[in-house]
Amino acid sequence: MTGTEIAAGGTAVERLLVHAALAAPSGDERAEMAKLAHDVTDWAEFFALAKVNATVPLVQRRLEAEELYELVPDAIRAEFAAVTDHIAAVNERRLAGALELLRRFDARGVRCVVLKGMLFSTEIYGDPRYKRMNDLDILIELDQVDTAIEIYRELGLFATSELLGKAPKMRSERSHHLPSFVSRDGALVVGTHWGLITPLAPYTIDYAAIWDRVRPIDFYGVPAWAMAHEDNLHHLGVHLPYYKTGVRELGDLWNLSRYATDLDYDLLAGEIAKAGTESLMYHALSLSHRLVPNPAFAALVDRVRPRINRFTRYDTARKTADIHALLRSRSTHTSRIEKAYTEFNMTAQAHEKRASFGRLWSDLLLVPADEAERMSSLREPKALAALGARVSAPYRLTRVFQRDLGRWLFPAALAKTVVDLGAAYGAELAQRAGVRTATARPGIDEYAAELGLTRADLQAVLDSQE
């Protein structure tokens, strides 16, 4: 992996986008940014690319800081403002809820480690609005989980598992987190982790070592904790969604590395080897290095390369071959499948299950052409290549879900949808035939009402998650 030019081979629009996503650009990078901004002729394309990469607020504020935003036409600035202002309003409400929660954790003696975006907003970017925050992700110790649930109850949060009629439970043998806890107004969504990846995956993270390295931080005036920089970078690589790889996600990798000048790459390499996460880190660091070259990333990629499987090497090479395709490859299609699965389990009514079942299986097996092309990193493909991308998309999605959930859990979950749909229709037929006493079977509206919410409230919570 060679080259030092940021977004090498890209157009002025593409290179400006990546430069504007640098948290702390050097003098030379600022000068290049100014040159690129004056070279841009299509600001509508620039905004569209920023939106695809989910990095509108970050690049807008960088252009403002560099006094380049005036080059953007008024109509495009209005589009920027609409996105940025909306994200700012949502994030500010989320941050307010997070601060109150962290105060409670501190008062109860819970070491609460702030993860990813919320942490980086204060340490790296100095801006809680730099990107859309889906939730507050935290890491706590196993023996503090019950205390955390008590605090959530005190604050009036409900668990998303309760939408499925299930009380939140710690299942450390099969999961690394609780179901999300959500405030009644949807402002705060909390992801509570005691691990960084499912124990069903073939990785062995050394959590004792992580806890030995945690450090106290000031989180917007509230005491909290953070992992060491090495562990944060490892977590970013392990947790990077395989197809949601835009500047929003990759920017945290390169900006963390540039911020943490004392990051120990030998320590990180040792943790990767212990965990067996070479393929995950190879993929993440390669994509980040393609956009913002980093000698330390390149050296680590070369170091782990001998242990990378053929598919990962081939697919990563495909993704990094074309800067145009890479900057347009971000896909949230897996989130649509996950939402359909959640909605399927939120109801006992057959017709509602059928609708969610249809969306789930259609999104898995009949992937839209544009999403399939993004997954295969294709640029203006010919008919045969486009067909191949659609044919291979279900296989690609299955690999991702098996990686994230465990090899057998994903097919088991799919099989369960077939069984559950059949059971729902069977129960309704039995009632109509008089074989079973007719009872009201709760649907999504009923589950929402039990939590003091409306169906629209629930949908807003689902829609807030990308």
Side-chain angles (χ1 to χ4, degrees), residues 13-14 16-25 33 36-37 40 42-101 114 116-137 180 182-191 219-222 244 246-252 255 327-328 330 332 335 339 456-466:
V13 163
E14 292 163 349
L16 177 61
L17 180 80
V18 180
H19 276 81
L22 299 174
M33 201 183 313
L36 290 167
V40 170
D42 189 342
W43 285 100
E45 181 191 0
F46 180 82
F47 172 74
L49 192 60
K51 197 170 180 181
V52 165
N53 283 273
T55 191
V56 169
L58 181 61
V59 300
Q60 177 183 333
R61 292 199 169 90
R62 175 50 56 194
L63 293 178
E64 290 171 342
E66 301 300 323
E67 299 183 353
L68 299 170
Y69 197 54
E70 292 301 316
L71 296 173
V72 182
D74 290 345
I76 305 302
R77 273 190 278 167
E79 294 189 68
F80 264 102
V83 175
T84 297
D85 293 348
H86 172 72
I87 289 174
V90 172
N91 283 10
E92 285 167 5
R93 293 174 65 214
R94 195 145 287 173
L95 178 61
L99 293 176
E100 177 57 30
L101 175 63
V114 181
K116 298 189 302 180
M118 281 285 195
L119 171 67
F120 303 147
S121 75
T122 181
E123 287 202 331
I124 299 174
Y125 299 94
D127 183 1
R129 306 159 300 171
Y130 83 97
K131 69 176 181 180
R132 168 178 167 171
M133 301 288 183
N134 292 327
D135 54 14
L136 167 67
D137 275 328
S180 294
V182 186
S183 60
R184 303 283 162 169
D185 61 0
L188 179 61
V189 181
V190 186
F219 184 75
Y220 297 102
V222 177
K244 195 164 71 173
V247 171
R248 177 185 185 271
E249 292 76 27
L250 299 175
D252 283 345
N255 283 319
L327 285 173
R328 291 162 179 81
R330 186 177 189 269
T332 59
S335 297
K339 288 176 186 177
D457 293 332
L458 284 186
Q459 192 60 52
V461 170
L462 288 174
D463 291 343
S464 74
Q465 303 303 292
E466 187 182 79

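In this structure, CG in L119 is found 11.0 Å from CG in D137, a value given to the nearest 0.5 Å. Residue L101 holds its CG atom at 11.5 Å from CG of L95, rounded to the nearest 0.5 Å. Note that CE of M33 and CG of L16 are 7.5 Å apart. Values are rounded to the nearest 0.5 Å. Taking OG1 of T122 as the reference point, atom OH of Y220 lies at 4.5 Å (rounded to 0.5 Å).
Between the N255 side chain and the A23 main chain, a donor and an acceptor come within less than 3.5 Å of each other. When atom types are taken as modelled, the side chain of N91 and the backbone of M133 share a donor-acceptor pair closer than 3.5 angstrom. Under the 3.5 Å distance criterion, the side-chain polar atoms of S121 are matched with a main-chain donor or acceptor of M118. The main-chain N or O of G246 is found under 3.5 Å from a side-chain atom of E249 such that the two form a donor-acceptor pair.
The two residues P57 and T84 come nearest to each other via the heavy atoms CA-OG1, 3.6 Å. Between K131 and G117 the shortest heavy-atom distance is CE-CA, 4.1 Å. The two residues L68 and A37 make their nearest non-hydrogen contact at CD1-CB, 4.0 Å. The two atoms that bring V189 and S180 nearest to each other are CG1-CB, 4.1 Å, heavy atoms only. Considering all non-hydrogen atoms of both residues, V182 and G186 come closest at CG1-CA, 4.1 Å. The two residues L327 and L17 make their nearest non-hydrogen contact at CD2-CD2, 4.4 Å.
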Chi angles and distances behind the side chain to side chain contact (heavy atoms under 4.5 Å, CB included) call for F47, D42: CA-CA 9 Å; F47 172 74; D42 189 342; over 6 Å; no
N53 vs R248, side chain to side chain contact (heavy atoms under 4.5 Å, CB included): CA-CA, chis, key distance, verdict: CA-CA 6 Å; N53 283 273; R248 177 185 185 271; 5.8 Å; no
Working for side chain to side chain contact (heavy atoms under 4.5 Å, CB included), residues D252 and L250: CA-CA 5 Å; D252 283 345; L250 299 175; over 6 Å; no
Side chain to side chain contact (heavy atoms under 4.5 Å, CB included) between V56 and I87, intermediate numbers included: CA-CA 9 Å; V56 169; I87 289 174; 5.7 Å; no
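Of the charged side-chain nitrogens involved, none lies within less than 4.0 Å of a carboxylate oxygen, so that R94 and E100 do not count as a salt-bridged pair. Looking at E14 and R328, a side-chain N of the basic residue comes within less than 4.0 Å of a carboxylate O on the acidic one, giving a salt bridge.
Residue pairs that meet the salt bridge (Lys or Arg N to Asp or Glu O under 4.0 Å) test with at least one member in residues 117-128, sequence neighbours left out, are R61-D127, E123-R215, D127-R129.
N134 and R132 are linked by a side-chain donor-acceptor pair at a separation below 3.5 angstrom, with hydrogens and angles left out of the test. Checking Y130 against T55 by side-chain atom types alone, no donor-acceptor pair falls below 3.5 Å. S183 and D185 share a donor-acceptor pair across their side chains, judged by distance under 3.5 Å alone.
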Identify all side-chain donor-acceptor contacts of residues 69-80 below 3.5 Å with residues at least two apart in sequence or on another chain.
{"unit_1": "D74", "atom_1": "OD1", "unit_2": "R77", "atom_2": "NH2", "d": "2.5"}
{"unit_1": "R77", "atom_1": "NE", "unit_2": "V72", "atom_2": "O", "d": "3.0"}

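The side-chain heavy atoms of L58 and Q60, taken from C-beta on, include no pair separated by under 4.5 Å.
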